[in-house]
Peer 1: 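Next up is a structure, given as C-alpha cells.
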Protein chains: 2
Amino acid sequence: MGRWEPNAVERLQYAAVALFLERGYAEVTVAEIAERAGLTKRTFFNHFTDKREVIFAGAAAFEADIVKHLTEVHADAKPLDAAVQALTRGGLDLTRYGEAACARRQVIASSPELQERELIKMAALARVIAKKLEDRLVPGRIALFSAQAAIAVFTAAYDAWIDDITADFATLMRQSLADMHLAIS
Amino acid sequence: MGRWEPNAVERLQYAAVALFLERGYAEVTVAEIAERAGLTKRTFFNHFTDKREVIFAGAAAFEADIVKHLTEVHADAKPLDAAVQALTRGGLDLTRYGEAACARRQVIASSPELQERELIKMAALARVIAKKLEDRLVPGRIALFSAQAAIAVFTAAYDAWIDDITADFATLMRQSLADMHLAIS
DNA sequence: TGAGTGAGTGCACTTGGTGCAATGACAGTC
DNA sequence: GACTGTCATTGCACCAAGTGCACTCACTCA
C-alpha cells in the first residue's frame, strides 16, 4: 500500500475495530493498528489524540446531528420531550450503520477504558443538549436534568436495539421513556 | 523518612492531592508523588492500579456506605425516594471531610482524565444501587433509571454544597430532587 | 537465634503519547 | 520542463505510565 492511499482515518478505524474484536482492546498496540492500515504509529497520533479515540471519531458528527434535530423540535415541547425527540431522530440516523454499530458496541462493552470514554462523551452531549434547552428559556438545572434523563432513555433504547437490530428504534425509545416516567413519577 | 513509616496509602494520597493542586494533574508524575511521600514509583503502583486511582481510593467505602444506608430505608419507599434517601445519608457522612472534599473536587474539575474516572465510578454506583432496588422487586430497567436519576440528583446537590460548604446537604438534596421532578414530570 | 512474612525496592521492559525535522507526492505557475 | 509551496506522512529521540520479577530488610514468633 503506497504512502498516499486515500482515507487514512477510515482505514485506521476499520483496522482498529477488526483487531479489537480479534484480540481485545488491551492486547492490541497502536503500532499494530497502524501497520494493518499501512501506516505508522506516528500517523495514527496525527489523526487521533489517543488510542481510545479511534473508536469515538463519529461522536462529534452525532452530537452535531442531535443539535440539528433539537433545533427543529417544536418550540413549546417540554424539555425532556424535546431532547428525547432529537435523540430519537439521531438514533434513527445511526440505525443505518447496523452491523458496524454492533461491532463497535461489542468492543466498547469489552473494555472499561472505552466505557469511561463513552460515558464522558455522553456527559458532554448532555451538557450540549442542556445548553440548547436553556436557549429555550429552560432553567439551567432543569435543562441539565432533562438532558441527562433523555440520554439515559436513549442509552437504554440503543442497548435494546443492539440486542435486536431488527426492532424499530422509535418504538424502543417510546418504551424506554415510559419506563423513565414510571421510575420518576 | 524511613522505609517502614506507617500509612503509605494515606501519605501517597495526601502528596498527590497537594501536588495536583500546585501544578495540575497532567504536570505531576507518579515518581514525584512517590518521592514526596518518601516512597518509590514502584510502591505507588503496588497500592493503586493507575495514576487516577489515587484520587478515588475512597469510592469503595462510599459505595459500601450507600449500600448500607439503602438497606435501612423503609421497605415500601418508592425506588427513587429510597435511592435518594440513601445518597442523602451517604452525602451527610461525606460532609465531615469538608476541606479535603473541596480540594479533591477542584482537582477532578481540572482534569478530563479524572472526570472520566469519576463518571465510571458513579455509573458503577448506579448499577449497585439498581441491583439493590431489584432486590426490592423493582423491575430491572425501572431500578436502573431510578438509580441513575438519584445519582444525578446527588451530583447536583454535591456540586452545590462544594460551592457553599456551610449549606445543609439534606436541604440541597431536597431542592435538587424537586428540580428533577420538575424536569421529568 | 533463625525461619517466615510482607511491605517496599531496583531494574529492565513494553506501550502510549509528543516534539521536531525531514520526506515526497501533488498542484500550480512561469 | 524546472521551480515552488503545501501538506500528509514518516523517522527518531524522548518522556511517562504501568508491569513482571527478583531482591531487601524490618518485624514477628517459635
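Lettering of chains follows the sequences in order, A, B, ..., and the numbering in each one begins at 1.
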Peer 1: Does Ile142(B) belong to the same Ile/Leu/Val/Met/Phe/Trp/Tyr cluster as Val153(A), with side-chain heavy atoms less than 4.5 Å apart forming each link?
Peer 2: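 Same cluster.
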Peer 1: How long is the line joining CD of Glu27(B) and C1' of dT18(C), in whole Å?
Peer 2: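 My rounded result for the distance is 13 Å.
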Peer 1: Please tell me whether His74(B) and Asp76(B) have a donor and an acceptor in their side chains that are separated by less than 3.5 angstrom.
Peer 2: yes
Peer 1: Measure from OH on Tyr25(A) to P on dT15(C) and round the result to the nearest Å.
Peer 2: 14 Å
Peer 1: Output, in order, the C-alpha distance, side-chain angles, deciding distance and verdict of salt bridge (charged side-chain N to carboxylate O under 4.0 Å, His left out) for Asp65(A) and Arg89(A).
Peer 2: CA-CA 9 Å; Asp65(A) 193 43; Arg89(A) 290 176 197 162; over 6 Å; no
Peer 1: Would you call the rings of Phe44(A) and Phe48(A) parallel, tilted or perpendicular if under 30° counts as parallel and over 60° as perpendicular?
Peer 2: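 The arrangement is tilted - the two ring planes meet at 30° to 60°.
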Peer 1: Compute the ring centroids of Tyr97(A) and Phe62(A), then answer whether they are less than 6.0 Å apart.
Peer 2: no
Peer 1: Reading nucleotides 12-19 of chain D 5' to 3', which nucleotides get B (base under 4.0 Å from a protein heavy atom), which S (sugar-phosphate only), which -?
Peer 2: B---SBBB
Peer 1: In whole Å, what is the span from the CD atom of Glu10(A) to the P atom of dA8(D)?
Peer 2: 14 Å
Peer 1: Please determine if a side-chain N or O atom of Thr40(B) lies less than 4.0 Å away from the OP1 or OP2 oxygen of dG8(C).
Peer 2: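 No.
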Peer 1: Heavy-atom count check: over 12 atoms from other residues, nucleotides or ligands less than 6.0 Å from Phe45(B) CZ?
Peer 2: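 Above 12, so yes.
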Peer 1: Could you tell me whether the phosphate oxygens of dA8(D), OP1 or OP2, come under 4.0 Å of any side-chain nitrogen or oxygen in His47(A)?
Peer 2: no
